[in-house]
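Counting starts at 1 for both ligands and their atoms, following the listed order.
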Amino acid sequence: MTAPLPKPKRKNPILRTRLPTLPPGGRSRVALGLTAAAALGRFELQVCRDCSAVQYPPREACHVCLSDRLDWKLQDGVGELLATTVLHHSNDLFFRERLPWRLGMVRLDAGPTVVAHLHADIAPGAARVRVDARLDKSGQAVLIALPGQETANMADDRQLREMTCDPKFRKVLVTDGKTAVGQALVKALAKAGADLIWVGNAEPWKKFPGAEEIAALPPVSLLSLDLTDSRSVTELAGEIGGKVDIVINNAEYHRTFGIAARRGVDAARGEMDVNYFGLLRLAQELGPALRARAADGQSSAAAWVNLLSVYALANFPPHGTFAASKAAAYSLAQCLRAEMRPAGVRVINVFPGPIDDEWNQLLPPPKLAPAALANAVVAALRDGVEDVFPGDVAQEWLARWRENPKGLERELSL
Ligand SMILES: [Zn+2]
């Protein structure tokens, strides 16, 4: 059984910070299909449309009938463990620093035999296991064999933890504690075992509802943070930049207008100032510090979470300018992801549908409860995925957007 993760000791400031290294990240264009699915938390393999053979590794033509009509399909990953081995030597710098490393060979019930990283709770010898696709530190999909049944402290496995951003014992910044979503995030992170949670408040001189409840949680520490003020963000970076492991940027400005319903650009400018420039200011100040600490021991810097909106994919005219600011933030978040990837820091984009808050009062249900959104963020950190679409509305939009982006645009603008 996996031993529970010990609480990390205070870092000796004289010891050098280990520089981030990455596992091999090269993939063929077709193999990126595996990564695209893993980024959404799915294990997909190609299935031949003509003879139904399941393919692995990913390829251009079916290994049975040479058909090129291969479709990515969700797999349950269940299979039989055939063999295991433990690496004690590697020419690859990433693995050399993490030896010993367990690998296994698994024959999937769906057909192919795969080589996979092996969770420590799988005993050597024949066993039923479940193979899952996870993103590794280089942001590419790799396969890991997990025990068939959930085991105690399963998430604490040393090899699995290299593929996840579990908040347990990590130091987290939540940029806005005033909103219902911010407070739900703080509670969910405290429950998940975060070591310290800094919670931003743009107006520290004003009491806000719920402040006392979250401030009473042991890991919580309130601080002043206004994302529209460059000096405030710089001061924050000076205070906690060298310590924060996970940034959750949930601060947002939301008004319900399209173009014709309101004169002037003040509301739209306000939305851009928080939703887009706020992210930019934060990323400029905290990004370098996170990158530098990405391999810093057991509780290294691990992830950056952006609260976007499913409106970032296609404009929802009744919330037109808000949607535009989220689309801008989405594009910037892709840039941030590319810049964080060389250090192995995961950028997670969250695309909720309408949240049950004051700006969506006029929308009919279903609306996403703040607690459900917070739980989805914690789950995304634990699974180490890149893109999350929490709730029924977001899932439906995602499905329609993947199938026919123009169709979704027209449907929303009716
Ligand atoms: Zn075939």
Side-chain angles (χ1 to χ4, degrees), residues 22-85 87 92 95 101-119 122 124-149 159-160 163 313 341 383-389 394-408:
L22 294 183
R27 296 292 190 277
S28 69
R29 188 177 292 165
V30 63
L32 288 175
L34 199 64
T35 295
L40 286 164
R42 296 161 66 90
F43 173 34
E44 293 184 4
L45 292 178
Q46 294 160 296
V47 179
C48 177
R49 211 180 296 172
D50 294 302
C51 77
S52 304
V54 179
Q55 321 284 323
Y56 186 83
R59 60 188 72 219
E60 306 281 351
C62 173
H63 71 284
V64 175
C65 74
L66 291 181
S67 165
D68 61 358
R69 304 201 307 162
L70 304 177
D71 303 316
W72 289 95
K73 295 246 172 80
L74 189 66
Q75 304 291 317
D76 65 9
V78 176
E80 193 82 18
L81 182 66
L82 301 179
T84 71
T85 189
L87 292 185
D92 183 88
F95 288 105
W101 195 269
R102 262 185 113 205
L103 297 170
M105 195 182 266
V106 179
R107 186 170 54 220
L108 299 175
D109 292 354
T113 297
V114 303
V115 175
H117 303 293
L118 205 58
H119 191 284
I122 296 174
R128 299 293 288 169
V129 296
R130 183 174 60 84
V131 173
D132 203 2
R134 297 294 177 105
L135 298 177
D136 68 6
K137 286 266 186 219
S138 71
Q140 295 285 22
V142 292
L143 302 185
I144 180 162
L146 304 167
Q149 313 276 332
Q159 290 185 205
L160 181 59
M163 299 161 200
L313 300 184
R341 190 176 292 136
D383 293 340
V385 300
E386 282 191 343
D387 295 305
V388 196
F389 292 80
Q395 283 292 324
E396 198 184 321
W397 279 42
L398 172 66
R400 282 197 251 170
W401 179 69
R402 290 174 80 171
E403 196 180 77
N404 183 357
K406 177 56 82 179
L408 179 62

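Here the protein contributes Cys48 SG, Cys51 SG, Cys62 SG, Cys65 SG as N, O or S atoms under 2.8 Å from the Zn ion (ligand 1).
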Requested in this report: Show your reasoning for whether side chain to side chain contact (heavy atoms under 4.5 Å, CB included) applies to His117 and Leu103.
Outcome: CA-CA 5 Å; His117 303 293; Leu103 297 170; 3.6 Å; yes
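Remark: side-chain polar atoms of Arg102 are paired, donor with acceptor, to backbone N or O of His119 under 3.5 angstrom. With hydrogens and angles disregarded, a donor-acceptor distance shorter than 3.5 Å links the side chain of Gln55 to the backbone of Ala53. With hydrogens and angles disregarded, a donor-acceptor distance shorter than 3.5 Å links the side chain of Thr35 to the backbone of Ala141.
In this structure, the side chains of Leu146 and Ile144 come closer than 4.5 Å at one or more pairs of heavy atoms.
Other residues, nucleotides and ligands place no more than 12 heavy atoms under 6.0 Å from the CZ atom of Arg107.
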